[in-house]
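From a predicted model like this one, the values you see are computed outputs, not experimental measurements. Lettering of chains follows the sequences in order, A, B, ..., and the numbering in each one begins at 1.
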Amino acid sequence: MRRLKRIAERMVEGLLTLSGGVTSLAILLIIIFLFKEGLGLFNSPNVEKGYSLCVNSSNEIVRLNPLQIKNIFDYEVSNWQEVGGADEEIMPFRFDEIFSQYSDEELGEDYALLPQRLSEVIAKHPNIIAFLPQKYTPKDEASVKVLPTKNISFADFFGGKEWLPTATPSPLYGLLPLLLGTLWVSIFAILIALPLGLGVAIYLSELATEHAGKFLKPAIELLAGIPSVVYGFFGLVVLVPLVQRSLNLPVGETAFTGSLILAIMALPTIITVAEDAMRNTPRAMREASLALGATHWQTIYKVVVPYASSGISAAVVLGVGRAIGETMAVLMVTGNAAAMPRSLFESVRTIPATIAAELGEAPAGGAHYQSLFLLGCILFVITMMVSISAEVISKRQYSKGV
Amino acid sequence: MNKKTSQKVAFLTFRLLGLLVVGILFWILGFIVYNGIGIISWEFLTTAPKEGMTAGGILPAIVGTLCLVVGSVIFAFPLGVMSGIYMVEYAKNGWVVKLIRVMTNNLGSIPSVVFGLFGMALFVNTLGFGDSIIAGSLTLGLLVLPLIIRTTEEALKAIPSSFRTGSLALGATKLQTIRRVVLPMAFPNIITGLILSVGRISGETAPILFTVAAYFLPKLPHSIFDQVMALPYHLYVIATSGTDIEASRPIAYGTALVLIAIVLFMNTLAGMLRRYFGKKVKTN
Amino acid sequence: MKHTERELQSLKEEVSQMWKLVLSQLEKAKQSYFSGDIELAREIASREKRVDAFELKIDSDCENYIALFSPVAVDLRLVLSLMKISSTLERIGDFSEGIARHVIEEDCNRMPPQMLEDLQLDRMFDMLTGMLSDSFVALESENTKLAGRILAKDKEIDAMYCNSIALIDRFLSENPSFIHCGLKTLLLIRKLERIGDHCGNIVEEIVFYVDAKVLKHGAKQNKE
Amino acid sequence: MIEAKNVNFYYGNFHALKNISMQMEANTVTAFIGPSGCGKSTFLRILNRMNDLIDDTHLAGECLIDGQNIYDKSVQVDELRKKVGMVFQKPNPFPKSIFENVAYGLRVNSMGDKSFIAGRVEESLRGAALWEEVKDKLKKSAFELSGGQQQRLCIARALAISPSILLMDEPASALDPISTSKIEELMYALKQKYTIVIVTHNMQQAARVSDKTGFFMLGELVEYCDTKKMFLNPDKAQTQNYITGKFG
């Protein structure tokens, strides 16, 4: 009986030990799955999967990068010279156009003659560039040159300035506009929230009577508890029109609106952490300052705030972290234009918003899907760094003055 | 007297900032309550959406959120409490514990949308649950795990070690001590953590976007492998991409009000519990 | 110098002053005895009050010093020695006064000069003033090398005292008319012997202060 | 000169000081002794209104410094604290350089220009017997000093704004004996120019440095007299029991 009990205890303790590792396991799994899917992007061709690009064999062009392809098919580049070829006009040709040039009979049963017809078209136009399914791509034709497809490179992703994951024939996965959009919105949000949050933190830790504190603290807790989708909704129906009207903008869904809503959301974090840091200033330190004839306010900004500076920095970092990872509210108010941000009063798109908005439409396993996971990895790495640096900053003792 | 004036100005500013924060809170709450209170009715809460979500109620979303809450609590609560017990009572100070602690903190700081991605990759695709209550619950459970662990740890740490030594000195084993002495004393605070996580779960949108939430599904779920609607996602949908956004605005206000009421009720409950039991422990 | 040290220094200074006073009392006693100067003897008697006042002052200062500064080790030994030295000095002062009274009373005419010479009273007085000033130097210089010499002198005085009893005994059996005077002279010599003992005690206190050794009551001999 | 007239002090409902009346002369050191919680620190902090910082306290009676009631409405509390410096139990330098620590009081009270401040800092550090030890590292952090040096720095900091009264709340209780004796020597030297009031747990310290001693117990001033008398022949049996350690 006794032994049975002992064995049972051992088992429970083993179970407890196992569960202790559950968070580590979770993080490990998150890393594995995120990076497995995300890094798959670099194994995807830079032209839409299952398709290839063909040119007339007389064309001296050897390869095109995704941006050039996109520009050609958007008719933004109209001369081969601009992409390193001869001085000739470009004739983009999409697969669908074949059906307007040939009747069904000419294409034969089950489109058996389709590759042949296509090669005829390509042969006829020396300046053509055709975007065709690999299934129907003419093979071993002297007049047709299939451009080699390359895998998406790190440079394409990390240095790319355009995010057009659904563009055909060549989707663009440029991180920069999203990353900058995220930082842009978050940093500006902190710029708004920091003075506000710091002020309230000072008020709470230094000035507020017990009564006022009892009222304000739960208010801040409530502010932290409101779901982000509600903030988003509030932003959408109140702030967006407000910003549009008061600043006389064409649209109200701007980076600025996003920053405003994020600032409100980051406030509780900043206030709580900064207030804690200030409360931790030793009483002796304050009394020494007051005993020297300093006013309360002089004591606050000459002694308390410098002493709490590491805690306040941690508050800022945590606030940035919260803002960077925030999804729903930003998704609902920033307008989501995936362009390089130029001004605060234009629409931007952040990394989390991109994931939330596009994952539903991206087919599982495709390059688009993988690219969104890669964005997730980026987000993961950024927030990891933020939380670790916050920990380091707040642990740093204020041992050295000056 | 210059320093007096600057003190006056500064303190006035801080008071105003404090008021501003309260103002913002009341602005948001007031706006939603003012606009949403009219639509709330028994019928709104107990019927399914109709006519392309421009009319009817939000019953499936409420039920869906309830399912998710229950599901994720069943998963996360025991695990989190056990993990917390391990951290406080068993783990010795070493690099393993330090690592676990860092990991727990970091897990708590990962953005919710990343949890969504992860849930989709693991539960929906790899394990093949599809968009389902179980996939969503597991994802949300993971999300609140750090919260539960942290509150459990804090609750346990607040128990003076004299109770433990007292029990051990009477010949109780460590596990008996935990089960009969430590846990009962820490229980109210652990429950606080549970309530807080319920509030968090009900409000999260991003993790359920791709793991469970249905755009429109006017029937109630039958098994844990069904998709459901959920309040936050429903609000998102009717606010941004419904069939007729203008017509469904009142519904959106109503949904936001219900959502906010649930979340704030949970938070206030947790706060009250904490204050109540906090006092009780102190006076003992 | 710390203020506690200064305080101790001034205490020591007071004892030195008392010392000088007692020394001069003794010297004057000798002078008045040999010259029969009654005026001088009266002066001694009146200055005895100053010696007493010194003792009281030093006592209370020592008490204060112990109460306020709670001295330990060498400081404590110094304060304790100073207290005892001051009371010993006061005793010596008393004896000096006693000699002066002996002069004042005048009821004893001079012993024959030959007898005084035989008794070596002159030498005894000189040895005593020598012991007293030597021990003063020993305290000032915190040097205990002089101690042996001073204690040897004490022994010598003891021997002279024993010797003087025999001398006076013989003298009185030959000259019965001198009985009163002879006894008084014996008492006087007895006083001088006591002064010698007190000087020895002072030296023992100084050794206790400087070397932390207890010489009293032949403690040293017991050890050996 | 400091004079307390029937001072009563309350923390909420707790009557912390009961009818304290006493006078402290200029250029003397007055020590307060007594068991923990007897009110001696509270009384010290009344003298520069440090207790104002604690909520739910109130004071009855008068406390006069140089004839003026410091609890009068017309008194500016920061001006008062400029005149009545304070040194605390634990050395509490600010996280600033040595120089800035001493200059702090001058700066917050906008006293003098740069060269004045530099001169004042040196003077105060000399006054606190610290100058020789720190003159080559004024720009270094104050935390690099030893505990005893930090405490003397705090004294220098208090001296910089030329107070006339210096309150010391157990200034040496966190220090080793050597540093303690340095601080005590400093007090002895400082009383030429300042009126010093010190709270101490260490009776010997009170005995060593003070001219007058007040013994507090349970919020009452049991005995207040010359230090010599206090330690040789106190009037009250309570005092006797306390200083001889028979208290209880």
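Contact count versus chain A (heavy atoms, under 4.5 Å) is highest, among D:Met86, D:Glu100, D:Met50, for D:Met50. Between chain D and the residues A:Leu290, A:Thr295, A:Thr299, the largest count of heavy-atom pairs under 4.5 Å involves A:Leu290.
Remark: D:Lys96 fails to qualify as a cation-pi partner of D:Tyr104 under the 6.0 Å distance and 45° angle criteria applied to the six-membered ring.
Using a 4.5 Å cut-off between heavy atoms, A:Thr209 makes no contact with chain D at all. Only the backbone of D:Val84 comes within less than 4.5 Å of a heavy atom of chain A; no side-chain atom from C-beta onward does. With a 4.5 Å cut-off on non-hydrogen atoms, A:Arg286 does not touch chain D at all. Neither the backbone nor the side chain of D:Pro163 comes within contact range of chain A, judged by heavy atoms closer than 4.5 Å.
Between A:Phe188 and A:Trp184, the distance separating the two ring centers is not shorter than 6.0 angstrom.
For the residue pair D:Asn92/D:Arg157, the side-chain donor-acceptor check at 3.5 Å is satisfied.
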Starting from the C-alpha separation in whole Å, work towards a yes-or-no answer on salt bridge (charged side-chain N to carboxylate O under 4.0 Å, His left out) for A:Lys217 and A:Glu275. CA-CA 11 Å; A:Lys217 288 216 97 172; A:Glu275 192 215 336; 3.2 Å; yes
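Shown are D:Lys82, D:Lys193, D:Arg120, D:Lys83; of these, the side chain to side chain donor-acceptor pair (under 3.5 Å) with D:Ser162 is made only by D:Arg120.
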